[in-house]
Every structure is written in structure tokens, then in C-alpha cells.
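Below: one structure, written as C-alpha cells.
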2 protein chains.
Amino acid sequence: MTDHSRRQVTLDEVAERAGVSRSAASRVINNAPHVSKAKREAVQRAVTDLGYVPNATARALATQQVGAVVLAISSDNPQVFADPFFAEVAVGVNSVLEETELELILQLATSSRGQTRLEQLLRTRQADGVMLMSMHGDDPLAQLAEKSDVPVVFGGTPTNFEPQYYVDADNRGGARLATEHLVATGRRRIATITGRMDESAGTARYKGYQEALAVAGLDAGRVVYGDFSEEGGGQAMEQLLAEHPDLDAVFVASDQMAIGAMRVLKLAGKTIPGDVAVVGFNDVALARHTEPPLTTVAQPIQSLGREMARMLLALIAGESPTPLILPTRLVQRASS
Amino acid sequence: MTDHSRRQVTLDEVAERAGVSRSAASRVINNAPHVSKAKREAVQRAVTDLGYVPNATARALATQQVGAVVLAISSDNPQVFADPFFAEVAVGVNSVLEETELELILQLATSSRGQTRLEQLLRTRQADGVMLMSMHGDDPLAQLAEKSDVPVVFGGTPTNFEPQYYVDADNRGGARLATEHLVATGRRRIATITGRMDESAGTARYKGYQEALAVAGLDAGRVVYGDFSEEGGGQAMEQLLAEHPDLDAVFVASDQMAIGAMRVLKLAGKTIPGDVAVVGFNDVALARHTEPPLTTVAQPIQSLGREMARMLLALIAGESPTPLILPTRLVQRASS
DNA sequence: CTGAAAGCGCTAACAA
DNA sequence: TTGTTAGCGCTTTCAG
């Protein structure tokens, strides 16, 4: 390896080596026009000879563009990251950013410190754009982001307003799919355990459930409100069993909750899917391994990340992309 | 589209508003000494009045410090991120960085583009420090990082050399723990399914297994080499069963593989842990939910991230921290 | 097509 | 304790 790595090679050095002015060198680097072929080649040679790499900071200062975008995850609960969801989104985002010169800055806003930083970032434009995944519905940061001067795209939709630019999974459609499947397989007394109703994923899935039952002309009254946790899913199932002992199926708004629910169901002596069919949501890795394996709704998580990044790029380029809703699909396994 | 430009409040404006020189203002901002109380307060007032936030880019250019560190994950396989491991490390890292002014840049180096960028970064100091998790042993990037001018701390250890600064989980100790547990519960014909031997986690866990058996005076010859995947775990178990039908326990170097192995074991009519005891490694969420629940070795993943970040901070501050090996612990469940 | 010169916003050495 | 003065490395008018 060449040992030019000691001190940084500057543009001036390149220019001198190539025997041209700094501006000419600059033009070549940014392949701008108005440079003779001869000079262009001389500069290129100097660049490889010297191992020149432009100083991103200086460039950022001169162009007033940071060269970095932020993936911000705002949540009141650091626990959410135990979920592979986050990682997969990041992979998707990264895959499209890799094609550009942009860096990816990660901003987990769980503590108040983290939130303050995100706020400042939004106010002072320390990034060229922000992708914000807000894990609870009425996040003040979400509002602030929407008003910000910095281009922002949302992952998922806040509950209290509809952002201008977002990409979301089709939670409602997925829930409808799941419930329709239950109807199609002969179930008639279909209950649901909802997610947190302060998250749009929670409300949307509940709506999907209602819609499907309305279309089928079935009663949508067997409802217990859950919290997305395994623990909570179990409790909800107990309550459901007590209030509606006749149920023959349950659509559970997350796999975690479904796992808890299945445990309770088995404890109560119910067979799955014989007595009660169960469908979950998310298709986490665990779903394949439950007893019986869990029918569930899969979301295109990596695509979500990818599309968020693409949308942000478009925004930065001055375009006006339209919001996106990505399709979900039913994954049938033995529990229904 | 909305006009995303807005002028930023500069230090000069603050200085003027406060009626002091720019250097005085600067000193206050960085709370340096040599400023009279009166001026200090005047500046502070101006700052809040104007809503001044320093321009990080300009500061970076002037100080020659980027104000950001990189968490780089180098792997030939984008799939590794499906693992929550990555997310948890990031959370740990973030938690300590949150206490500082440093940003966290994520660099997933799976594609050659990503690797090139990481290389450039290492060569040209576009970050104040790098945390490198290298997922396969003889990663050329690892060598490059070690030679780099930029402070680097490794997560896990490469197979082909020992870096100066690293934090790793005690894979060897964990494997020994697991195997000793098997010995202590009366098993005598203990097999192992190893991980990939081009990853240090793979070789270290294999060594731990060997050590424990050597100490116990038992035969350590029932070995099949695996690849950390569920699929591979199943195949390895088949081979093991064919070659060593007398085995009464198996230490499997990852939970994923253990799950595959348990499936094969059951198919072969073996009871767990009656006929064959099984112990895994990692304590993934799934381990709690297998049938029977999987005894496994837990690693302190978040701590790993936290300690990496702390070590990097120390390095940046000019200290010489010592490498760290974090303890693992046995989580006993029904499979052993 | 080419190069000189004026910044981008901040820090830091040096005088005063 | 103050303020003045150079830069940090790059981009970008603006004349030539």
C-alpha cells in the first residue's frame, strides 16, 4: 500500500503535481465542464499518483451540504431495538445509500439527550435529510420534523397527523387479508387482540379486521386491546376467553402477542387450530417455530427501508415523490 | 416543493448582538477561560435569543476533528443483519455516544462499494474513530484498519491476528461452561457441532469444548463442523448421529444450529434431554420457545457495544485502554 | 477554456 | 482579559 496516508493530500497538491490551477483540478474532480482533455488527464493521473481523496468536511462547508442523512428512531422504549425490525430497515436504507456519496447517521432518540439532539438536528440542518421512524403515535418530534426545513420522510405514519412524505406497510390490508382468510376457512366467531392504539400500526390493523368482518357480515365485537407484548397477548387472550367463550378464531395484531395467546389457549385446553384458529402479524423468525407454526402477515421490512431512502433522495433532489404503501402478504402455516 | 433553505445563525451575529468580539463569543460557546463574567452572560443571552447552534461542519474543518465515529460491520453476507445481534450492539454503542457530542455513522460493508468506502474512510480520516465488527476471520479490511491512522477498536477478534484494541465476548469460557454443565449432569459421550472455523467465535467455542472435556478426561472426538445456520445444524446432527450413534449430549455452537439439530434429533426418535442433552450458544429470543426450551450461553451483547464505544472514546482521548473480554453465562432451560 | 480571489463558519495563535 | 488575524480544504463566481 502506498504510504501517502500519513497527511491528507490536498487539492492544491494535486493541482501543483498536475501543473494546473486549483480550480481546474476541482473541476476535474467534480467532473464539471470547461477543462481541456489534456489537463483533465493530467489531473487524473496526479490524483491516482497521490492517492487524493477529497476532504468531505471542507466540501460540506463550501457547498453547504452535509453529505449525510439521518435514520432516526424515536421511541420511549429502548427495548424496541431488540426487534430485528430495526436492523432490517437499516439494511434496506443502507443498500440504496451505498449507491450515493451520502453517509448514514444513526440517531436513536430514546433518552431525552437523544431527543434533544434530534431536535437540534432538525432545527439546524446538520444533515441533508432525515428518515424518521416514530414508534409511538403522538411523538412531538414527529410534528417538529414535519415542520422542519430539512427534508423528512416518515417510516410508518404518526397517529395524529398525516405527514407529507412517508412510506408505510399496508397494515390495514394485511389485517384484512388475515381476517378474510379466517372467514374463508369457515370461522364465524372471530375475535381480535389489537396492538397499542397509540401506534398507527395498531389502529390500522384493527380497522382491517373490522372491514373484513363487515364485508362478511360477521360480528366484530370480540375485541380486547393489547400492547404488542407477549405478556399482554396472554392476558388479552384470557380476557377474551372469559368474555367470549364461543370464539373459534382470533386475529392477533403481532406475533409476540400471538405467542402469548397460544400459550393461554393451550392452557385452557383448546386445540389450535381445531378449536381456535390463530393468525399473527409480522412474520418474525419465531413464527416458524411455534407449536403449531403460526400463520401470520409478513411485511416487506427491507423494502420499507429501501423506499424510505429512495424517497428521501428524491426529496433532496428537489422532486416531490408521492407517499408509498407497501403490500403485505399472508404466510399460511398450521395455526389456522 | 417547500423551500428547505433557511439562513443559519452565525457566531458573528451572536458576537455582534452581545457586543463582543467573535473570539470572545467562541470562548464562551466552548466554555474556555479568559472571559469576564459580564461578557459571558451577554453572550449566553444572545445565544438563546438568537437560537444559535454552532455549525458542526465549520467546527470540524477548523479543529480537524470530524465529530463522528463509525460503526462498521464488514461481512461477505448481507444476511448477518437479520440477526438482532447487530441491532443490540448498536444500541449499546449509542447509549455511550449519547453522552458525548459524537455522531454515530453506520457503515455496512457488504458490497464492494461499501468496502471501498470503509477503506477510504480508514485512509483519509473522515471519522474520529472506527469500531469494526468483522464477521469473517481473514477480512482484509481488518488488517487495513489495524494499520490505519484512525483509532480503531475491534468487536470480536479476527482469526489471523490479534488487534491492539478489542472487546470480545468470552466465547471460549462460555463453551467451557456449557460443556462442563453437560459433564456435571452426568453426560459422558459429549459431541459438538462447531461454528464456522474462519470466525474466531467458531474456533474459540470449539476450544472451550475441548478444554472442558480434557479436564474431565473425556473423549473430545465427536465433532462435526457446522456453519452457524439452522440448515447446517440439522445436517451436522445427522452426520453426528450416523458417526457416533452412542452420543448422549451435544454442545452446539449457536442456537440457530441447535434448533436444526433438535429437529433432526426428534425425527430420529431421540428424546431431549432424556436420550440426548442439547446446549446452544447466544441465547437468542427463540431459545426460550423451542420444544423443549433450549439451555444456552448468553453473551452481553449490549455491553459489548457499550464497551467498544467507551474504549474508542478513551483511544480518542489519547489513552491506551486494555483489551476487554466480557463474561458469558449459562442459561439453564429444559433441554439439558 | 483557464485561473485568481473571495468566501463557507469556526478555531486558535498571537498581540495588545 | 481582550480582539485581530490567519487559516482549515474546497467550491464558485468572475474576469481574462
Side-chain angles (χ1 to χ4, degrees), chain A residues 4-44 46-47 50-68 101 120 123-128, chain B residues 5-44 46-47 50-68 101 120-121 123-128:
Chain A
H4 302 297
S5 36
R6 202 73 233 161
R7 231 182 37 108
Q8 144 137 41
V9 180
T10 70
L11 188 53
D12 298 81
E13 286 163 24
V14 171
E16 180 172 339
R17 166 74 160 248
V20 303
S21 70
R22 182 166 75 244
S23 16
S26 174
R27 289 190 186 106
V28 174
I29 303 294
N30 302 304
N31 45 64
H34 308 305
V35 186
S36 69
K37 187 156 185 169
K39 281 198 201 289
R40 187 170 293 269
E41 279 165 1
V43 171
Q44 278 158 349
V47 164
L50 267 37
Y52 169 76
V53 178
N55 179 319
T57 305
R59 178 177 283 180
L61 184 59
T63 59
Q64 299 290 70
Q65 300 199 330
V66 183
E101 298 285 76
Q120 290 204 349
R123 293 224 343 282
T124 65
R125 206 187 179 72
Q126 306 286 10
D128 295 323
Chain B
S5 53
R6 192 183 58 176
R7 254 218 30 238
Q8 120 150 54
V9 179
T10 70
L11 224 199
D12 298 81
E13 285 164 25
V14 171
E16 180 173 339
R17 166 75 159 248
V20 304
S21 70
R22 183 168 72 247
S23 20
S26 174
R27 289 189 185 108
V28 173
I29 302 294
N30 302 303
N31 45 61
H34 309 304
V35 185
S36 70
K37 187 158 187 171
K39 282 199 200 287
R40 187 170 292 269
E41 280 164 1
V43 171
Q44 278 159 347
V47 164
L50 267 35
Y52 170 76
V53 178
N55 179 319
T57 305
R59 178 178 283 179
L61 185 59
T63 59
Q64 299 289 67
Q65 300 200 330
V66 184
E101 298 284 77
Q120 291 204 347
L121 193 148
R123 291 221 348 279
T124 64
R125 211 186 180 75
Q126 306 285 11
D128 295 324

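Chain letters run A, B, ... following the sequence lines, proteins first and then strands; every chain starts at 1.
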- Item | A/Thr10 and A/Tyr52: CA distance, side-chain angles, deciding distance, side chain to side chain contact (heavy atoms under 4.5 Å, CB included) verdict | CA-CA 7 Å; A/Thr10 70; A/Tyr52 169 76; 5.5 Å; no

- Query: Are B/Asp12 and B/Arg17 close enough, and set up right, to give a side chain to side chain contact (heavy atoms under 4.5 Å, CB included), and what steps lead you there?
  - Reply: CA-CA 8 Å; B/Asp12 298 81; B/Arg17 166 75 159 248; over 6 Å; no

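For A/Arg40 and C/dT2, the CZ to C1' distance is 13 Å, given to the nearest whole Å. A/Gln126 has its CD atom 11 Å from the C1' atom of C/dG9, to the nearest Å. Here D/dG9 presents its C1' atom at 15 Å from CD of A/Glu16, a figure rounded to the nearest Å. Distance CG (B/Leu61) to C1' (D/dG7): 9 Å, rounded to an integer number of Å. When rounded to the nearest whole Å, the span between CZ of B/Arg125 and C1' of D/dG9 equals 16 Å.
The listed nucleotides are C/dC10, D/dG9, D/dT2; the one nearest the side chain of B/Ser36 is D/dT2. Of the listed nucleotides (D/dC10, C/dG9, D/dG3), D/dC10 has the atom at the smallest distance from the side chain of A/Asn55.
In this structure, B/Asp128 contributes its side chain and B/Gln65 its backbone to no donor-acceptor pair below 3.5 Å. Judged purely by atom type and a 3.5 angstrom limit, A/Ser26 has no side-chain atom pairing as donor or acceptor with the backbone of A/Arg22. For B/Asn55 (side chain) and B/Thr57 (main-chain N/O), a donor-acceptor pair under 3.5 Å exists by modelled atom type.
Shortest non-hydrogen contact noted between A/Leu50 and A/Val9 is O-CG2, 3.4 Å.
Within the structure, every side-chain polar atom (N or O) of B/Lys37 is placed at least 4.0 Å from both OP1 and OP2 of D/dT1. When the side-chain nitrogen and oxygen atoms of A/Gln64 are compared with OP1 and OP2 of D/dT11, none of them lie within a distance under 4.0 Å. Between A/Gln65 and the phosphate of D/dT11, there is no side-chain N or O to OP1/OP2 separation shorter than 4.0 Å.
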- Spell out protein contact along nucleotides 11-16 of chain C as letters: B when the base is contacted, S when just the sugar-phosphate is, - when no protein heavy atom is under 4.0 Å; keep the 5' to 3' order. BBB---

